[in-house]
Amino acid sequence: MSAKSVLLEPQHLLDPTLEHTLIVVKPDGYARGLTGEILRRIEAKGYTMKGLKLMVASHELLAEHYRDHEGKPFFAGLLDFMSSGPVVAIIVEGQRVVEGMRALMGATDPTTAAAGTIRGDLGRAWNTPHMENLVHGSDSVDSAKREIALWFPEIY
Ligand code: DAT
Ligand code: MG
């Protein structure tokens, strides 16, 4: 009998009565071996992971993902950085999970992000032109829907 891989079908797992957000462990988080620590914090907070994949994101996907930042001086560097290595994309589920994950992540700039947050505890400035802050999280319920559809097209 030949081995057969089974694709988990997330549409059967997402609870439509709950909120969802798109979390991405960025290339710096993956490369530094912090994926487990970041997932641990998400689970310890009480949220549930629904859909998780290791991938290298294309410029095309990232340009759409970050379309609100198009034209800003850091846009090209952001896309180069985000496509520079593997990332882990995760759908996270729970009541008020969008704002809850933003609180768990901390402020954008890792140097000044509050201690106790993912970015504050694990991130810092490096000698790079781009900002490395370990993790992406959707900033609103509407953004989350758009981003989940973009990163997990197999759901729809
Ligand atoms: P966040 O990721 O906290 O939602 P954002 O949406 O404002 O922040 O920006 C998206 C990403 O772009 C951010 O995670 C890191 C990068 N970035 C933001 N502001 C930047 C800046 N002033 N210089 C360099 N990179 C920046
Ligand atoms: Mg943002």
Side-chain angles (χ1 to χ4, degrees), residues 10 14 18-153 155-156:
L14 298 189
L18 294 177
E19 195 169 288
H20 300 89
T21 191
L22 189 274
I23 299 300
V24 180
V25 177
K26 297 186 178 186
D28 57 327
Y30 178 82
R32 289 178 57 204
L34 293 171
T35 304
E37 171 63 16
I38 292 167
L39 298 186
R40 187 196 66 74
R41 289 176 180 229
I42 295 169
E43 289 195 312
K45 178 79 169 171
Y47 297 134
T48 310
M49 289 187 280
K50 300 284 186 88
L52 182 151
K53 61 184 169 187
L54 181 66
M55 58 188 280
V56 177
S58 67
H59 260 246
E60 188 186 13
L61 168 66
L62 293 164
E64 181 58 27
H65 175 75
Y66 282 124
R67 68 180 185 192
D68 292 347
H69 296 296
E70 200 180 341
K72 294 183 184 171
F74 59 83
F75 186 70
L78 176 62
L79 265 51
D80 284 346
F81 164 58
M82 286 295 294
S83 61
S84 66
V87 297
V88 180
I90 312 142
I91 302 171
V92 182
E93 180 182 85
Q95 287 86 356
R96 299 177 63 192
V97 69
V98 170
E99 59 182 319
M101 277 306 309
R102 294 290 293 190
L104 212 58
M105 286 161 51
T108 304
D109 181 352
T111 297
T112 53
T117 66
I118 292 168
R119 288 164 167 174
D121 286 352
L122 308 174
R124 50 163 288 193
W126 303 90
N127 192 23
T128 57
H130 57 270
M131 185 184 286
E132 302 198 350
N133 61 7
L134 298 161
V135 68
H136 165 82
S138 310
D139 65 6
S140 70
V141 171
D142 282 349
S143 299
K145 286 182 181 148
R146 182 178 79 82
E147 292 171 4
I148 288 168
L150 190 61
W151 288 77
F152 288 85
I155 292 179
Y156 297 92

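Atoms within a ligand are numbered from 1 in the order they appear, just like the ligands themselves. Since this is a predicted model, take the numbers as computed values, not measurements. Residue numbers start at 1 and run along the sequence shown.
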Contact check, M105 vs ligand 1, heavy-atom distance below 4.0 Å: no
Spacing of OG1 belonging to T35 relative to CG belonging to L54, to within rounding of 0.5 Å: 8.0 Å
Any donor-acceptor pair under 3.5 Å from E19 side chain to V98 backbone: yes
Numbered atoms and elements of ligand 1 in range of N133, under 4.0 angstrom, heavy atoms: 13 (C), 14 (O), 15 (C)
Nearest protein heavy atom with distance in Å, relative to atom 1 (P) of ligand 1: T108 OG1, 3.6 Å
Taking atom 6 (O) of ligand 1 as the reference point, the nearest protein heavy atom with its distance: H69 NE2, 2.9 Å
Gap separating the CE atom of M105 from the OG1 atom of T21, nearest 0.5 angstrom: 8.0 Å
M82, portion touching ligand 1 at heavy-atom distance under 4.0 Å: neither
Full working for side-chain contact (heavy atoms from CB on, under 4.5 Å) between Y47 and I23: CA-CA 12 Å; Y47 297 134; I23 299 300; over 6 Å; no
side-chain contact (heavy atoms from CB on, under 4.5 Å) between D121 and R41, intermediate numbers included: CA-CA 12 Å; D121 286 352; R41 289 176 180 229; 3.1 Å; yes
Exceeds 12 heavy-atom contacts within 6.0 angstrom, atom CZ of R124: yes
Face-on cation placement of K53 at F152 ring, 6.0 Å and 45° thresholds: yes
Protein contact of atom 2 (O) of ligand 1 - nearest heavy atom, named by residue and atom, plus distance: R119 NH2, 3.0 Å
Taking atom 4 (O) of ligand 1 as the reference point, the nearest protein heavy atom with its distance: R102 NH1, 2.9 Å
Heavy-atom nearest option to atom 18 (C) of ligand 1, drawn from F74, F81, F75: F74
Which of the ligand 1 atoms, numbered from 1, are nearer than 4.0 Å to a heavy atom of Y66: 10 (C)
Heavy-atom nearest option to atom 16 (C) of ligand 1, drawn from L134, V24, L78: L78
